Engineer: 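So that we are looking at the same thing, I have put the structure below in structure tokens.
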2 protein chains.
Amino acid sequence: MAAVAAQRQGKQERVYSILRSRIVEGACGPGHRLVIDALARELEVSQMPVREAIRRLEAEGWVLYTRNQGAQVAPIDAVSWSEAMTTMAVLEGYATALAAPHVSRRDLDRMRAANRAMEAALRELDVAGASTHNLAFHGVIHARCPNAHIRRELTSIQERLNSLRNTIFSYIPARGEISVHEHAELLAMLEHGAEAAAIEAFAREHKLNTVAAFELRRAGAV
Amino acid sequence: MAAVAAQRQGKQERVYSILRSRIVEGACGPGHRLVIDALARELEVSQMPVREAIRRLEAEGWVLYTRNQGAQVAPIDAVSWSEAMTTMAVLEGYATALAAPHVSRRDLDRMRAANRAMEAALRELDVAGASTHNLAFHGVIHARCPNAHIRRELTSIQERLNSLRNTIFSYIPARGEISVHEHAELLAMLEHGAEAAAIEAFAREHKLNTVAAFELRRAGAV
DNA sequence: ACGCCGGAAATCCTATACGATTTCGCGCCG
DNA sequence: CGGCGCGAAATCGTATAGGATTTCCGGCGT
């Protein structure tokens with residue numbers, strides 16, 4: 001839990017972290033109402049820090065807010081997940097192409113390690129671990145993207161998606177192994193200095209494939 | 001001024017609208033401090049609505065906030081403009097390709113009208129008008145993008161860029177005419193049902209060209 | 001039995017007050 | 001004359017209180 005971190009940072013920060021982690025970790029499901037008074041009593045602060053924390057969560061899309069009615073945890077349905085993931089595919093594709101020239105040999109090593117770790121986790125059916133290593137793999141590239149604005153957008157979308165990543169990954173188990181192979185291929189492209197357009201197309205497809213697999217599985221499940 | 005609109009919407013909304021329009025219209029330049037007490041007295045409300053309005057502006061990136069120090073209008077330098085514009089190019093390219101099949105004949109008419117109006121405005125050296133019609137042109141496409149997440153991202157970035165659009169347009173005057181031609185070409189592609197990839201590439205380049213022109217001009221001006 | 005209405009409870013919104021933190025200027029010392 | 005420390009002013013952060021709005025439930029009429 002990262003909820004303990006905020007101490008010399010004001011109550012509002014503390015409340016924000018707590019509520020955020022609760023939402024991300026799924027402690028309170030979609031539609032759950034966030035009542036200011038109740039939270040204030042529970043967290044032993046006044047209503048205002050809670051209020052501001054909730055407004056921040058609203059601005060970042062974690063909760064829906066209605067005037068004179070309060071906030072409730074934003075429902076993340078399958079459609080909005082696909083849409084966010086698609087957006088990410090487009091941006092990450094471009095970001096990967098931009099980052100390619102700035103990826104060092106050390107970076108490649110880190111990515112290879114992450115990919116191996118992901119493969120190992122998959123063999124042990126450790127979905128959460130695999131997901132973490134997957135994030136680490138792409139995180140290396142993100143960090144090398146020279147466009148700060150895209151970096152921010154990527155992390156923002158990523159955080160929102162994270163609240164469901166374990167669910168998704170276990171929903172389409174076969175996708176994990178394919179991802180590992182695609183990662184390897186991407187590594188090769190980066191190492192051999194492939195064309196930017198090719199890198200972008202591949203990185204984009206890599207993520208779009210996940211979306212497609214998810215939607216296929218979902219259509220079948222209905 | 002859209003500042004009058006908020007009446008039965010709570011003071012906090014009203015304050016938010018006022019401050020936002022001030023920033024967007026450049027009434028208070030970058031670095032300008034937003035002092036809560038002063039604004040509260042000026043707008044005849046207590047400090048709390050002002051406080052929340054400022055936090056909202058912070059979450060949306062309009063102001064920078066430092067704890068125990070207050071907020072100041074976020075400076076929008078040339079680099080961050082280019083970065084945001086580049087992000088927009090990537091997203092809008094994809095959005096245009098996605099929207100293509102959903103663009104009706106009436107939509108095409110609207111776009112043609114907007115492009116003609118833009119051309120006319122340019123002939124009269126009406127930079128602001130040309131910029132507005134340019135927005136209208138792309139707005140038609142945005143509205144037809146089936147991915148709601150991308151639509152939100154686009155409008156969000158667009159709003160941020162708008163605070164400088166007049167400045168930029170007058171900074172690279174020759175770009176306007178070229179834009180009109182590119183718009184016409186894009187219209188042709190949409191009308192003849194060009195491939196998605198081609199549409200995306202062209203729409204992206206259309207915006208990236210603007211970035212390139214701006215950076216070229218800037219490099220020359222230094 | 002069903003729908004409408006009024007009041008009470010819950011919750012949110014705003015105002016005011018006070019404590020905490022930072023910043024700036026003044027005086028002091030080297 | 002310049003650097004340093006201290007104190008006051010400015011500003012922010014949090015708490016508490018009361019007014020406003022919404023929601024919910026029980027009673028009444030049809």
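Keep in mind that this is a model prediction, so the values were computed, not measured. Proteins come first, then strands; the chains are lettered A, B, ... in the order of their sequence lines, and each starts at number 1.
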Engineer: What integer distance in Å separates A:E44:CD from D:dT14:P?
Structural biologist: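 Those two atoms, CD and P, are 15 Å apart.
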Engineer: Can you list the steps and then say if A:M88 with A:E92 is a side chain to side chain contact (heavy atoms under 4.5 Å, CB included)?
Structural biologist: CA-CA 6 Å; A:M88 186 134 188; A:E92 186 171 299; 3.6 Å; yes
Engineer: Just the rounded figure in Å: distance from C1' of D:dG13 to OH of A:Y16.
Structural biologist: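 It works out to 19 Å between those atoms.
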Engineer: Is there a donor-acceptor contact under 3.5 Å linking the side chains of B:S131 and B:N134?
Structural biologist: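 Distance-only check fails for B:S131 and B:N134.
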Engineer: So do B:T86 and A:Y94 actually touch side chain to side chain, heavy atoms under 4.5 Å?
Structural biologist: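 The answer is yes, as the side chains (C-beta and beyond) meet within the 4.5 Å cut-off.
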Engineer: Scan nucleotides 7-14 of chain C nucleotide by nucleotide, 5' to 3', and note B when protein non-hydrogen atoms come under 4.0 Å of the base, S if they reach only the sugar-phosphate, - if neither.
Structural biologist: ----SSSB
Engineer: Taking the six-membered ring where the residue is Trp, are the ring centres of A:H206 and A:H138 under 6.0 Å apart?
Structural biologist: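 Between A:H138 and A:H206, which both carry aromatic rings, the centre distance is below 6.0 Å.
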Engineer: Are B:Q12 and B:R55 close enough that a side-chain donor and a side-chain acceptor fall under 3.5 Å?
Structural biologist: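 No, because no side-chain N or O of B:Q12 sits under 3.5 Å from a partner of the opposite role on B:R55.
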